[in-house]
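What you see below is based on every heavy atom in this structure, not just the backbone, and it leaves out hydrogens, waters and symmetry mates.
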Amino acid sequence: VKGITSCKDMFSGLSEICEIDLSLLDTASVSDMSYMFCGCKKLCSIDLSGFDTVSVRDMSHMFEDTGLTGINLSGFDSRCLTSMEGTFSYNDNLTSVNLSGMDLSEVNLNRCFYACKALKAVDVSGCTFSGDSDIFYLDDSGKVLFQSESGEISWDMKLMHFLTRLGYATYKTGEAIVLVTCQIFQ
């Protein structure tokens with residue numbers, strides 16, 4: 001499938017689907033991926049390695065309420081991205097997310113992980129954030145573990161203060177403030 005500019009709601013609400021073959025989907029011109037897999041409650045695995053996200057602006061609620069246990073976005077080009085609001089929200093089975101290397105400094109990340117009750121690890125190695133979004137806002141669902149081993153995360157002070165208020169341990173290396181194996185207990 002070539003020439004499409006929107007994948008909004010493409011698979012949304014397919015609650016019984018377990019697997020989706022995306023190998024023939026050309027996403028080079030796609031600007032909207034919002035709600036793409038929203039409500040795919042039995043979706044257990046997905047290969048996003050062939051996604052070309054250079055034009056994508058909106059990924060809000062893209063993976064909301066799916067059956068996925070892990071999501072890897074580490075290869076995504078985020079240069080045009082403006083919204084990931086609620087992207088992973090309401091995923092009861094989601095335990096890990098890989099965002100490594102993404103520039104999220106101009107992206108709305110409000111409630112990105114909202115109500116992810118099983119979430120244990122988010123790889124943010126090499127990510128940049130604006131600090132204006134409530135990216136790590138969670139409900140009263142338990143503990144969450146965030147890891148970064150690279151020391152390349154560039155946090156602005158507002159985000160650092162926000163995370164510190166939540167009980168995350170941070171340390172500063174040069175101009176970067178890094179979260180290393182930090183836990184929050186609610």
Side-chain angles (χ1 to χ4, degrees), residues 1-81 83-104 107 109-127 135-139 141-150 181 183:
V1 183
K2 293 182 181 232
I4 56 172
T5 58
S6 178
C7 289
K8 181 176 183 173
D9 294 314
M10 185 173 272
F11 304 102
S12 181
L14 298 177
S15 59
E16 298 298 315
I17 197 162
C18 182
E19 193 174 322
I20 300 173
D21 181 1
L22 300 168
S23 61
L24 298 177
L25 183 62
D26 180 359
T27 58
S29 300
V30 173
S31 62
D32 190 351
M33 290 186 173
S34 64
Y35 297 92
M36 189 171 181
F37 304 103
C38 180
C40 294
K41 296 174 187 281
K42 291 191 179 176
L43 186 62
C44 52
S45 68
I46 192 164
D47 180 3
L48 303 169
S49 61
F51 269 32
D52 181 348
T53 56
V54 70
S55 300
V56 177
R57 288 191 299 273
D58 191 354
M59 289 174 56
S60 59
H61 305 279
M62 184 175 179
F63 300 101
E64 180 179 310
D65 195 21
T66 69
L68 296 169
T69 57
I71 299 173
N72 183 357
L73 303 185
S74 63
F76 277 27
D77 185 330
S78 55
R79 74 181 84 180
C80 292
L81 195 58
S83 182
M84 283 182 71
E85 181 172 2
T87 298
F88 309 105
S89 60
Y90 297 103
N91 273 291
D92 291 338
N93 300 319
L94 188 63
T95 59
S96 66
V97 176
N98 187 343
L99 300 173
S100 62
M102 292 182 75
D103 178 1
L104 303 173
V107 181
L109 297 165
N110 287 326
R111 295 181 176 239
C112 197
F113 298 103
Y114 185 75
C116 292
K117 297 177 181 180
L119 190 63
K120 294 180 179 160
V122 177
D123 186 346
V124 291
S125 305
C127 284
I135 181 174
F136 299 120
Y137 179 85
L138 300 172
D139 64 1
S141 63
K143 69 178 184 178
V144 181
L145 173 69
F146 294 91
Q147 291 183 320
S148 172
E149 298 174 14
S150 69
T181 314
Q183 294 184 355

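Partner Met102 forms a side-chain contact (heavy atoms from CB on, under 4.5 Å) with one of Thr53, Leu81, Asp77 and no other, that one being Leu81. Of the candidates Cys7, Ser6, Ser12, Asp9 forms a side-chain contact (heavy atoms from CB on, under 4.5 Å) with just one, namely Ser12.
Salt-bridge annotation for Asp32 and Arg57: absent, with no side-chain N of the basic residue lying under 4.0 Å from a carboxylate O of the acidic one.
Interatomic distance, Cys112 SG to Leu104 CG, rounded to the nearest 0.5 Å: 8.0 Å. Here CG of Leu22 is found 9.0 Å from CE of Met10. Values are rounded to the nearest 0.5 Å. Interatomic distance, Phe76 CZ to Asp52 CG, rounded to the nearest 0.5 Å: 10.0 Å. If you take CD1 on Ile71 and OG1 on Thr66, they are separated by 5.0 Å, rounding to the nearest 0.5 Å. Ile17 CD1 to Lys41 NZ: the interatomic distance, rounded to the nearest 0.5 Å, is 15.0 Å. With values rounded to the nearest 0.5 angstrom, Cys38 atom SG is found 9.0 Å from Asn91 atom CG.
Counting heavy atoms from C-beta on, the side chains of Leu48 and Asn72 never come closer than 4.5 Å.
The backbone N or O of Asn93 sits nowhere less than 3.5 Å from a side-chain atom of Thr69 that would complete a donor-acceptor pair. Judged purely by atom type and a 3.5 angstrom limit, Thr87 has no side-chain atom pairing as donor or acceptor with the backbone of Met62.
Tyr90 and Tyr114 have perpendicular rings, their planes meeting at more than 60° on a 0 to 90° scale where under 30° would count as parallel.
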